Amino acid sequence: MPELPEVETVGRALRPQLLGRSIRTISAHIESLRHPLTLQQDASLCGAPVAAVTRRAKYLTVALANGRGILLHLGMTGHFRIEPADSAHRKHDRLEFFLDNDQVWRFNDIRRFGIAKAVNVDAAGNPLEGLPALGPEPWDPAWGGAALHTWLSRRIAAIKPLIMDPRCVVGVGNIYASEALHRARISPTRPGKSLSRKACDRLVCEVRKTLEEAIEAGGTTISDFRGVDGSEGSFEQELLVYGRADAPCLSCEKGTILRSVQGGRATYSCAKCQR
DNA sequence: AGTTGAGCCTGTGTGC
DNA sequence: TGCACACAGGCTCAAC
Ligand SMILES: [Zn+2]
């Protein structure tokens with residue numbers, strides 16, 4: 001379920017639990033997630049203390065003090081739990097990391113779109129390999145209205161799938177793309193190149209604000225997202241359009257929220273206040 | 001080079 | 001109750 005705010009929330013919950021701990025053993029309950037799993041055979045991941053937990057886009061890295069680390073992606077349905085090592089594992093627990101404090105960190109992923117891979121890390125705990133080509137983080141000073149306007153200038157595709165393209169900016173998934181476009185009063189079907197510089201400024205501003213507020217709220221809980229401690233995010237209450245098909249628009253009170261499909265994904269918008 | 005659609009998996013909910 | 005289909009928060013690849 002996770003977009004950037006959910007991944008950030010999970011990383012923040014994981015960090016204090018894992019820092020200073022080391023892994024005793026790793027066991028895999030399945031051969032592969034998105035890719036074949038091999039990290040359970042990698043002795044370099046065991047014994048070294050966790051030095052950092054970092055996030056880049058929707059990837060988390062658990063970095064060890066020996067320059068190795070675990071690159072993780074939650075896919076659509078991934079989540080983590082940390083619980084006593086003698087507790088029973090659950091259906092769809094795919095990986096178990098047994099820690100040196102008699103706790104176990106479990107990676108549960110129903111649909112197996114997740115990633116868990118051993119990588120080399122730098123001194124700051126960032127992965128040295130394993131990431132695809134990624135655009136800037138939403139808060140990167142190098143990203144902004146000007147950069148977005150330039151990136152869109154030769155693109156005729158609809159703005160909604162474009163703002164979700166991680167080569168443009170990372171972290172904007174299907175929920176927050178609809179939400180940020182609504183807040184910026186931009187129709188999701190407009191060709192990318194048709195956005196004015198001012199519209200790009202508004203969109204950048206609303207992407208940042210929406211993601212910040214969602215992180216503040218601990219993410220959005222839809223169906224199966226839960227924090228590492230089992231808690232739920234509260235941003236669902238703040239959603240203006242996502243999942244509200246046929247309901248009255250909360251922004252203009254004249255329109256009705258329309259559900260459409262773009263690139264095979266649901267889009268929600270108000271035709272009255274988004275142009 | 002950019003755009004579109006299919007595919008990867010499993011589960012849930014709906015309608016017939 | 002059984003069955004078929006649509007849909008779900010992400011990402012990658014092939015074809016046009
Ligand atoms: Zn409206």
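Chain letters run A, B, ... following the sequence lines, proteins first and then strands; every chain starts at 1. Computed from a prediction, not measured in an experiment: that's the story for all the values here.
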For DNA chain C, just give me the dot-bracket, please: Watson-Crick or G-U, both distances below 3.5 Å, ( ) intra-strand, [ ] crossing earlier pairs, | paired with another strand, . unpaired.
.|||||||.|||||||
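- In this entry the distance linking CD of E3(A) with P of dA8(C) reads 13 Å, nearest Å.
- K91(A) comes within contact range of the sugar-phosphate backbone alone, with a heavy-atom separation under 4.0 Å but no base atom that close.
- Here R154(A) does not reach the OP1 or OP2 of dA1(B): none of its side-chain N or O atoms lies under 4.0 Å away.
- For H92(A) and dG11(B), the shortest distance from a side-chain N or O to OP1 or OP2 is below 4.0 Å.
- Atoms CG (L33(A)) and P (dG7(B)) sit 22 Å apart, rounded to a whole Å.
- Of the listed nucleotides (dT10(B), dT4(B), dT12(C)), dT4(B) has the atom at the smallest distance from the side chain of A157(A).
- Taking atom CE of residue M164(A) and atom C1' of nucleotide dG10(C), one finds them 8 Å apart after rounding to whole Å.
- Rounded to whole Å, the distance from CG on D109(A) to P on dG11(B) is 11 Å.
- One P atom belongs to dA6(B), the other to dC5(C), and the distance between them is 16 Å to the nearest Å.
- One can place CG of L74(A) at 16 Å from C1' of dC9(B), the figure rounded to the nearest angstrom.
- Here R34(A) does not reach the OP1 or OP2 of dG10(C): none of its side-chain N or O atoms lies under 4.0 Å away.
- L19(A) and L71(A) sit in two unconnected hydrophobic clusters of ILVMFWY residues. Membership requires side-chain heavy atoms under 4.5 Å apart, directly or through other members.
- At a non-hydrogen distance threshold of 4.0 Å, R111(A), R112(A), F113(A) from residues 111-120 of chain A come into contact with DNA chain B.
- With hydrophobic clusters built from ILVMFWY side chains whose heavy atoms lie under 4.5 angstrom apart, V50(A) does not share a cluster with F98(A).
- Considering only heavy atoms from C-beta on, H79(A) stays 4.5 Å or farther from V10(A) through its side chain.
- In this structure, R185(A) contributes its side chain and C273(A) its backbone to no donor-acceptor pair below 3.5 Å.
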Contacts under 3.5 angstrom, residues 250-259 of chain A side chains, donor-acceptor by atom type, not counting sequence neighbours:
from	atom 1	to	atom 2	distance (Å)
S251(A)	OG	H182(A)	NE2	2.6

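- For the pair R167(A) CZ and dT12(C) P, the interatomic distance rounds to 10 Å; values are reported in whole Å.
- Residue contacts shown for G264(A) are absent, as no nucleic acid heavy atom lies under 4.0 Å away.
- As rounded to the nearest Å, dA14(C) and dC9(B) have P atoms that lie 16 Å from one another.
- Between the C1' atom of dC7(C) and the OH atom of Y268(A) lies a distance of 9 Å, rounded to the nearest Å.
- Between H73(A) and dC11(C) there is a side-chain N or O to OP1 or OP2 distance below 4.0 Å.
- Atom CG of D165(A) is separated from atom C1' of dT4(B) by 13 Å (rounded to the nearest Å).
- Relative ring orientation between Y176(A) and F235(A) is described as tilted, the plane-to-plane angle lying within the 30° to 60° band.
- For P132(A), counting side-chain heavy atoms from C-beta on, the closest listed nucleotide (dG10(C), dT12(C), dG11(B)) is dT12(C).
- Both L18(A) and I23(A) are members of a single hydrophobic cluster when ILVMFWY side chains are connected at heavy-atom separations under 4.5 Å.
- Nearest nucleotide to the side chain of R94(A), out of dT10(B), dA8(C), dC11(C): dT10(B).
- In the set dG11(B), dA8(C), dG10(C), the nucleotide with an atom closest to the side chain of A266(A) is dA8(C).
- Between dC11(C) and dA1(B), the two P atoms lie 23 Å apart (nearest whole Å).
- Taking hydrophobic clusters as Ile, Leu, Val, Met, Phe, Trp and Tyr residues chained together by side-chain heavy-atom distances below 4.5 Å, I26(A) shares a cluster with L37(A).
- Cluster membership for L99(A) and V62(A), using ILVMFWY side-chain heavy atoms within less than 4.5 angstrom, is shared.
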Walk me through whether R94(A) and N108(A) qualify under side chain to side chain donor-acceptor pair (under 3.5 Å).
CA-CA 5 Å; R94(A) 309 301 191 183; N108(A) 184 293; over 6 Å; no
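- D93(A) places no side-chain N or O within 3.5 Å of a backbone atom of R106(A) that could act as its donor or acceptor partner.
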